[in-house]
Amino acid sequence: MITENLGAKKKQLDWSNLDFNYRKTDYSFVSNWKNGAWDAGELTADHTITLSECAGIFHYCQEVFEGLKAYTTRDGDIVCFRPDLNARRMADSAERLVMPPYPQDRFVDAVEQVVRANAAWVPPFGSGATLYVRPLMIATGDVIGVKPADEYQFRILVTPVGPYFKGGAKPIRLCVARYDRAAPHGTGNIKAGLNYAMSLKSGMDAHAAGFAENLYLDSQSRTYVEETGGANVLFVDRSGKLVVPVSHTDSILPSITRRSLVQVARDLDVDVEERPVTWDEVASGAFVECGLCGTAAVISPVGEIHDDKDVVTFEEGHECMGPVMTRLRETLTGIQDGTVEDVHGWVHKIC
Ligand SMILES: *Cc1c(COP(=O)(O)O)cnc(C)c1O
């Protein structure tokens, strides 16, 4: 059994120039559900999965995942950020797809084990790089008639990834998607691969047209702003208030970064409004800053959003990230790095 890899020397990688591609590390964590229970789980050096051709994942797409990062703080600790929220969200995602939730305390323990075992792969402080942690769960049991499988695998892979912004955060351009992302009361609020499969085409179309991402509107009325394919969206209005879109139809993914930024804004005495936001309101020029938020970038500034008729520009965040987004991002990354006091106890020390 592998328990410690702490003494291992750091891998010799060009940390600041890593990209966002999969690179095999030493260990993954794996646990299997069989006969109605999860086994103890273990670290494995085998980075492949061998499955029956009839496994449920291949037919009816029972798959959910998570994403968080482990990194080195200023003091040299290896930590991650609010892993309890990833544990809970993954359990919620699993329940929605009738999969057995992985126990939340064991989820956090498994993250700790796999990060500790791969300590040599955790980028050093100041490199901007992180060890991306990707928990996933798939149906492994045979299924031919439509029903939930009776066997599952929970796995965590880790892979070092480079800084999200190389050479500064340049505001990106979005386009309003022609396709929908999530049905009303569907699966838009869970982290499931199926939500990504159906957004790939619109993502590729957007890239081909020169946009970084799609902005999805609510699919029921095409009136309200929801989010992009993989990040929540935030706005700042002319009074400096942070405006956070809420969905009537529960089709926005509950981003941990977004929830943390809302708390940070309140701590900084920035006004916050969480409410439905119409596309018309955005198009009318009500907002002066816009950003996307998620684990990888924390906040990516958005400079423009295009639809068929309009080009909406965000005055205070068009050339570079605007002042409110900058302040929120610097505070949250400061908490993560250990340079700003972590009053809420969000940073989770691993080793
Ligand atoms: C993962 C994800 C996000 C970002 O969530 P974080 O917890 O902040 O990383 C936003 N939208 C979608 C659709 C996602 O899958």
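In each ligand, atom 1 is the first atom listed, and ligand 1 is the first ligand listed. Heavy-atom basis, side chains included; hydrogens, waters and symmetry copies ignored.
- With respect to Tyr102, the ring-ring contact (aromatic ring centres under 6.0 Å, His included) criterion is satisfied by exactly one of Phe107, Trp38, Tyr152: Trp38.
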Can you give me a line-by-line list of nitrogen or oxygen pairs between ligand 1 and the protein shorter than 3.5 Å?
residue, atom, partner, partner atom, Å
ligand 1, 7 (O), Arg89, NH1, 2.9
ligand 1, 7 (O), Arg89, NH2, 3.1
ligand 1, 7 (O), Ile256, N, 2.9
ligand 1, 8 (O), Ser255, OG, 2.6
ligand 1, 8 (O), Ile256, N, 3.3
ligand 1, 8 (O), Thr257, N, 3.0
ligand 1, 8 (O), Thr257, OG1, 2.6
ligand 1, 9 (O), Thr295, N, 2.9
ligand 1, 9 (O), Thr295, OG1, 2.6
ligand 1, 11 (N), Glu227, OE1, 2.7
ligand 1, 11 (N), Ala231, N, 3.4
ligand 1, 15 (O), Lys191, NZ, 2.7
ligand 1, 15 (O), Tyr196, OH, 2.5

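- Between Arg106 and Glu112 there is no salt bridge, since no side-chain nitrogen of the basic residue lies less than 4.0 Å from a carboxylate oxygen of the acidic one.
- Looking at residues two or more places apart in sequence or on another chain, you find a side chain to side chain donor-acceptor pair (under 3.5 Å) between Asp14 and Asn17.
- With respect to the salt-bridge test (charged N to carboxylate O, under 4.0 angstrom), the residues Asp205 and Lys201 qualify.
- Between Glu66 and Arg89, at least one side-chain N (NZ, or NE/NH1/NH2) sits under 4.0 Å from a carboxylate O, which counts as a salt bridge.
- Between Asp218 and Arg181 there is no salt bridge, since no side-chain N of the basic residue sits under 4.0 Å from a carboxylate O of the acidic one.
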